[in-house]
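Down below is the structure, laid out as structure tokens.
Quick caveat: nothing in here was measured; it's all calculated off a predicted structure.
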Amino acid sequence: MKYPKTSYDKLMEPYYEDYLHHLKEFVSIDSVGNRGEVNEENPFGSVVSRALQYITDLATKDGFIVHNYKNMIVEILCGEQEKNITIMAHADVVPEGLGWPHNPFNVREKDGILTGRGVADDKGPLLQAYYALKALRDHHMLGDYQVRFLVGGNEESGSRGMIYYFEELKKKQPTLGFSPDAEYPLIYAEKGIMNYMVKGPLELENVRSIHAGLAFNAVIEECRIVLNEKDDELEQLFHQELPESTYTRMPDGHILIVVRGKSAHGSTPELGINAVKIALEVLNKKYQNKDLAKLLKAYDDVKGRGLNAYNISSDMDNQENSMNVGLFDYEKGMMEMVVNFRFVNNCDVDQTILNIKESSKPFEVEVKSISPLLFYEKSSDLVQILLKSYQEESGDYESTPKAIGGGTYAKEASNVVAFGAEFPGWDSKMHGILEGSKKEDMLKSMAIYAHAIYELGKKIEEK
């Protein structure tokens, strides 16, 4: 798409070089949750704390009022008024995954595309919105309201930082706001999210262990199976059913089988190939375990039909429930798997839980967390202001607000929706290999965010 040149592009041009410089430095911090030292001082891991400190130092140097609350969340303030625009972004990233042609924590540029873990989710958009705020402040374009920029430390594995900020610190709710952590034009509705564990005894003779998955909200890319001893029949089955799998004798005499799938975001499991699912199907051809067979049947359909947990909603652009097995562990005859289940607005959550428990028997189901869905009318001021800002900067008047399966920080506060920064027609490969964004899109996004902040401020002053 050829974007129009606007006054906001002119406003942001002097900040392009700083943006790209700090993006490269920021991405180089491998801020995967729970990596490094985890303790009271580093609740999400020392590398996440490093990323939060990086933003703290940057905003402090740029003259903002900054508070880092226990390495859980960073608050950047501009103004002291009661009414506020709140921007909510995150510094943590999902694990890098397998198959990158370069170090995923080094930003690479090729043919106008920048790749690296966090470039699209969410370090790139975070800095785009940050520099938009800085430009407006530097040019005295902010009015009689506060702009509050919140950077959380564990969006990818929960929202403890935001929950701490609003519920424990009792911080005021946004008057209006957005989270730069999804797609353009904007997201008016997000599915609810439930995470639950399925666990119980499972007898798989000769299988010593199975370990698969790095995050509950990503399709499992690799499954590693360890056998106590060599099994020619099973090896033949794997080579026949999954010819790319590997079968290796380890130094201790055990046999390692590695099965590869295809990673995808947990909100779109249909776009991936779940490695543990295809591996278990082969194992069950060998062992004919009735409990495993029932489990595979229940969890075969990623829309939840096998669990009697399917819904589709016309209010949310015909979005459907979805289900992703994100983590799987088996050892000493005990199985545990973590399921990321996403539901639309006409889903009866209580009844769905009962159905899931019944369909998963004889295994036990334990609900770990439930995040409610988000829904704003397309005619609301918030939606219309952000949509107009996007349209006038991008020249795209055809794309419409979306309902998605992904969950963002917008759910953790009032009067906030997800807004950018993936443009229509572009696949940023969030949570996947070669996550990236087009350079021209990233620079245009800075103008969109500046325009949006300015217009939200005008609306607040009108009220």
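- Considering only heavy atoms from C-beta on, I163 stays 4.5 Å or farther from Y165 through its side chain.
- N321 contributes a side-chain N or O that, together with a main-chain N or O of A309, makes up a donor-acceptor pair within less than 3.5 Å.
- Ring pair F375/Y188: centre-to-centre distance below 6.0 Å.
- Counting non-hydrogen atoms of neighbouring residues, nucleotides and ligands closer than 6.0 angstrom, the CD atom of Q288 exceeds 12 such neighbours.
- For Y184 and E422, the side-chain atoms include no donor-acceptor pair closer than 3.5 Å.
- Although no hydrogens or angles enter the test, the distance criterion places a donor-acceptor pair under 3.5 Å between the side chain of D92 and the main chain of E156.
- Counting only distance, with no hydrogens or angles, the side chain of N71 and the backbone of L52 share no donor-acceptor pair below 3.5 Å.
- Between the side chains of N308 and S359, no donor-acceptor pair of N or O atoms lies under 3.5 Å.
- Scanning both residues, G33 and V48, for their nearest heavy atoms gives CA-CG2, 4.0 Å.
- At a threshold of 4.5 Å between non-hydrogen side-chain atoms, the residues P401 and L387 count as touching.
- Formation of a donor-acceptor pair under 3.5 Å by the K459 side chain with backbone atoms of D381 is not found in this model.
- K285 NZ: 12 or fewer foreign heavy atoms inside a 6.0 Å radius.
- Side chain to side chain, N39 and E37 meet the donor-acceptor criterion of an N or O pair below 3.5 Å.
- Ring pair H102/W100 is perpendicular by interplanar angle, where above 60° counts as perpendicular and below 30° as parallel.
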| request: Could you check N195 against N340 for side chain to side chain donor-acceptor pair (under 3.5 Å), going step by step and ending with a plain yes or no? | output: CA-CA 5 Å; N195 295 308; N340 183 234; 2.6 Å; yes
| query | Run the salt bridge (Lys or Arg N to Asp or Glu O under 4.0 Å) check on K230 and E235 step by step: do they pass? | reply | CA-CA 8 Å; K230 185 173 175 59; E235 179 179 5; 3.1 Å; yes
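- Judged by distance alone, the side chain of S380 and the main-chain N or O of Y376 form no donor-acceptor pair under 3.5 Å.
- Defined by atom type and a distance below 3.5 Å, a donor-acceptor pair is missing between the side-chain atoms of N154 and H90.
- Ion pair K357/E364 not flagged as a salt bridge, since none of the NZ, NE, NH1 or NH2 atoms sits closer than 4.0 Å to an Asp/Glu carboxylate oxygen.
- Under a cutoff of 6.0 Å and an axis angle of 45°, K123 and F26 form a cation-pi pair.
- Between L169 and M72, every side-chain heavy-atom pair lies at or beyond the 4.5 Å cut-off.
- With no hydrogens or angles considered, no side-chain donor-acceptor pair links T352 and N355 at under 3.5 Å.
- Between I370 and I193 there is no side-chain heavy-atom pair separated by less than 4.5 Å.
- S313 and Q319 form no side-chain donor-acceptor contact under 3.5 Å, judged by distance and modelled atom types alone.
- Residues L373 and V344 form no side-chain contact, since every pair of their non-hydrogen atoms from C-beta on lies 4.5 Å or further apart.
- We find that K444 and E393 are joined by a salt bridge, their nearest charged nitrogen and carboxylate oxygen being less than 4.0 Å apart.
- Of the N and O atoms on the side chains of R108 and N106, not one donor lies less than 3.5 Å from an acceptor on the other residue.
- We find that R260 and E222 are joined by a salt bridge, their nearest charged nitrogen and carboxylate oxygen being less than 4.0 Å apart.
- In summary, of the residues considered (I433, V107, L434, V27), a side chain to side chain contact (heavy atoms under 4.5 Å, CB included) with T115 occurs for L434 alone.
- Looking at N84 and V147, their side chains never come closer than 4.5 Å, going by heavy atoms from C-beta outward.
- Salt bridge annotation for E233-K286: present, with a cationic side-chain nitrogen under 4.0 angstrom from a carboxylate oxygen.
- Salt-bridge check for D30 with R35: passed, with a basic side-chain N closer than 4.0 Å to an acidic carboxylate O.
- Looking only at side-chain heavy atoms (C-beta outward), I87 and P180 come within less than 4.5 Å of each other.
- A donor atom on one side chain and an acceptor atom on the other are not found under 3.5 Å apart for K332 and S209.
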| From CA spacing to verdict: salt bridge (Lys or Arg N to Asp or Glu O under 4.0 Å), E183, K402 | CA-CA 8 Å; E183 306 168 47; K402 301 178 180 181; 2.7 Å; yes
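- The local environment of NZ in K172 is crowded, with over 12 non-hydrogen atoms from other residues, nucleotides or ligands closer than 6.0 Å.
- Between K170 and E167 there is no salt bridge, since no side-chain nitrogen of the basic residue lies less than 4.0 Å from a carboxylate oxygen of the acidic one.
- Using a distance-only test at 3.5 Å, with no hydrogens or angles considered, no donor-acceptor pair links the side chain of R117 to the main chain of F105.
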| said: Working note: S445 + Q128, criterion side chain to side chain donor-acceptor pair (under 3.5 Å); need CA distance, chi angles, decisive distance, verdict. | reply: CA-CA 7 Å; S445 192; Q128 291 155 29; 2.9 Å; yes
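- Each of L202, I257, L227, V226 was compared with V207 under the side chain to side chain contact (heavy atoms under 4.5 Å, CB included) criterion, and only L227 meets it.
- A 4.5 Å side-chain heavy-atom check between M335 and F328 finds at least one atom pair inside the cut-off.
- Between the side chains of E75 and Y69, at least one donor-acceptor pair of N or O atoms lies under 3.5 Å.
- Residue Q236 qualifies as open at atom CD: its count of foreign heavy atoms under 6.0 Å is 12 or below.
- E190 and A410 get closest at one heavy-atom pair: OE2-CB, 3.8 Å.
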| Test side chain to side chain donor-acceptor pair (under 3.5 Å) applied to E205 and Y287, step by step | CA-CA 8 Å; E205 183 183 351; Y287 295 116; over 6 Å; no
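- At a threshold of 4.0 Å, the pair E221-K262 does not count as salt-bridged, since none of the basic side-chain nitrogens sits closer than that to a carboxylate oxygen.
- For the pair E435 and K429, the salt-bridge criterion is not met [side-chain N within less than 4.0 Å of a carboxylate O].
- In plain terms, the two heavy atoms of L386 and A452 that are nearest each other are CD2-CB, 3.8 Å.
- Under the 3.5 Å distance criterion, the side-chain polar atoms of N346 are matched with a main-chain donor or acceptor of I312.
- The closest donor-acceptor contact from the side chain of N289 to the backbone of E203 lies under 3.5 Å.
- The neighbour count for E377 CD, taken as heavy atoms of other residues, nucleotides or ligands under 6.0 Å away, does not exceed 12.
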| task | List the steps, then state whether side chain to side chain donor-acceptor pair (under 3.5 Å) holds for Y196 with E366. | result | CA-CA 6 Å; Y196 65 89; E366 179 182 351; over 6 Å; no
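- Using modelled atom types and a 3.5 Å distance limit, the side chains of S49 and N42 yield a donor-acceptor pair.
- Counting only N and O atoms by type, the side chains of E229 and H254 include no donor and acceptor under 3.5 Å apart.
- For the pairing with Y449, the side chain to side chain contact (heavy atoms under 4.5 Å, CB included) check across Y130, F178, Y390 returns one residue only, F178.
- Under a 4.0 Å N-O distance rule, the pair D300/K277 qualifies as a salt bridge.
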